[in-house]
Participant: 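Attaching a single structure in structure tokens format; questions to follow.
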Amino acid sequence: MRLVIHAGIHRTGTTSLQRYLAKNRAGLAAQGVDYPGEENNHQPLAWALYRGQCGPEAVLALASAAPAGTQQLVLSGEDFAIHRDLGWLETVAARVDVRVVFYLRRQDHWLMSWYNQHVKWPFNREKSRMDPQQFLAAIDDFYWIDYARLLGSWSEVLGEARVTAAVVEKGQVEDAPGDFLARLEVARDGLEGDGERVNDSLPVHVLEIARHLGLYELKGARRMKLLNALRAGLADRAPAELVSTVYSPEERNRVIDRFDASNRVAARRFLGREALFLDPRPGPDAPYWRFPELSREALLDDWIAPVMRVLAR
């Protein structure tokens, strides 16, 4: 039996893929694929391994418990990507044929999406309150976006042939569920849904208001109510042109430059080409959003009051 670990990274369509796999457990089982458990993903396992709360025996137990006829056991958790200590993997790989699949996103796009996630659905109090430049300055905390190092560490344990890198961008991977099924050599016939997109980012013009509202302290339905009110109340505040980032072209190009050498190494080793990402760099006129400087009255009247009216309905 083969163990296939979908190890992220974050913000590459992971939620859509995980929900698709969970929804189709029965259909996948009919094709010899076990997606164990009852939840959408295996993030708790990834975190437990990371924190040392369990060891390789937890993974091997899932393999032992797989139904008869299982040819592939699939685990999915984007926080497998943050693992630096892969000792547990060495033990598992000595017993099971392990493969890992990583979906990668260009670092400037990823950083913006990761910032959005920390504001919209935060799991770190400090980063949930950072402005974009503070978040950018914390880039070293996100060590897993050094892709040569990330892929290299897993290949040291598994060998390069068992490590797959797939690039999420237009013209490469645009449908993560379809791409992942193809890598499993599983037919989509008989499976439900099309891997609809979920966990979309907040509009850029909403972020500055949202990060000041303390979303970290809100849970579940209350947070969703406020997020929906932000979207609805500030819909007419959106920039006229389509803008998806708060980072200037200069800031984005500095991020691209920072990882250029690493990306080239990863491209050569795992894709057999010179460039990992094929999208052109942002030009000097690439649009971005910066929250305007406003008087207190304008901030309250034009940005806060519309949200309050939606919440009061």
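FYI, side chains are in, hydrogens and waters are out, and symmetry mates aren't considered; it's all heavy atoms of this structure.
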Participant: Show me the side-chain donor-acceptor pairs of residues 224-246 shorter than 3.5 Å, one per line, residues at least two apart or across chains.
Facilitator:
unit_1, atom_1, unit_2, atom_2, d
Asn228, ND2, Met224, O, 3.2
Arg231, NH2, Ser201, O, 3.4
Thr245, OG1, Tyr247, N, 3.0

Participant: I need the full list of ring pair (Phe, Tyr, Trp, His ring centres under 6.0 Å) pairs touching residues 167-186, with sequence neighbours left out, sorted by first then second residue.
Facilitator: His6-Phe180
Participant: Enumerate the residue pairs fulfilling salt bridge (Lys or Arg N to Asp or Glu O under 4.0 Å) with a member in residues 35-58, sequence neighbours excluded, ordered by first and then second residue.
Facilitator: none
Participant: Take Ile256 and Asn263, measure what side-chain contact (heavy atoms from CB on, under 4.5 Å) needs, and give me the verdict at the end.
Facilitator: CA-CA 9 Å; Ile256 294 171; Asn263 288 347; over 6 Å; no
Participant: Run the side chain to side chain contact (heavy atoms under 4.5 Å, CB included) test against Ala58 and tell me which residues pass, sequence neighbours left out.
Facilitator: Leu45, Cys54
Participant: Should the pair Trp114 and Phe142 be assigned to parallel (<30°), tilted (30 to 60°) or perpendicular (>60°) ring geometry?
Facilitator: perpendicular
Participant: Taking only residues at least two apart or on different chains, which pairs with a member in residues 27-36 satisfy side chain to side chain donor-acceptor pair (under 3.5 Å)?
Facilitator: none
Participant: Centroid-to-centroid, Phe80 to His83, below 6.0 Å?
Facilitator: yes
Participant: Residues in side-chain hydrogen bond (donor to acceptor under 3.5 Å, both in side chains) with Gln134, at least two apart?
Facilitator: none
Participant: Got a second to check how far Glu90's CD is from Leu158's CG, nearest 0.5 Å?
Facilitator: 9.5 Å
Participant: Considering only residues two or more places apart or on different chains, which pairs with a residue in residues 257-272 satisfy salt bridge (Lys or Arg N to Asp or Glu O under 4.0 Å)?
Facilitator: Asp140-Arg258, Glu160-Arg269, Asp257-Arg281, Asp260-Arg264, Arg268-Glu274
Participant: Give every residue pair that meets the salt bridge (Lys or Arg N to Asp or Glu O under 4.0 Å) criterion with at least one member in residues 203-222, sequence neighbours excluded.
Facilitator: Arg125-Glu217, Arg129-Glu217, Glu208-Arg211
Participant: Taking side-chain hydrogen bond (donor to acceptor under 3.5 Å, both in side chains) as the definition, give me every residue that meets it alongside Ser113, ordered by chain and number, with sequence neighbours left out.
Facilitator: Arg11, Arg105
Participant: Which residues pass the side-chain hydrogen bond (donor to acceptor under 3.5 Å, both in side chains) test with Asp108, sequence neighbours left out?
Facilitator: Arg106, Arg252
Participant: For Gln43, give me all partners under side-chain hydrogen bond (donor to acceptor under 3.5 Å, both in side chains), at least two apart in sequence or on another chain.
Facilitator: Asp79
Participant: Counting the benzene-type ring for Trp, do Phe291 and His205 have ring centres under 6.0 Å apart?
Facilitator: no
Participant: Could you list all the side chain to side chain donor-acceptor pair (under 3.5 Å) pairs where at least one residue sits in residues 302-313, not counting sequence neighbours?
Facilitator: none
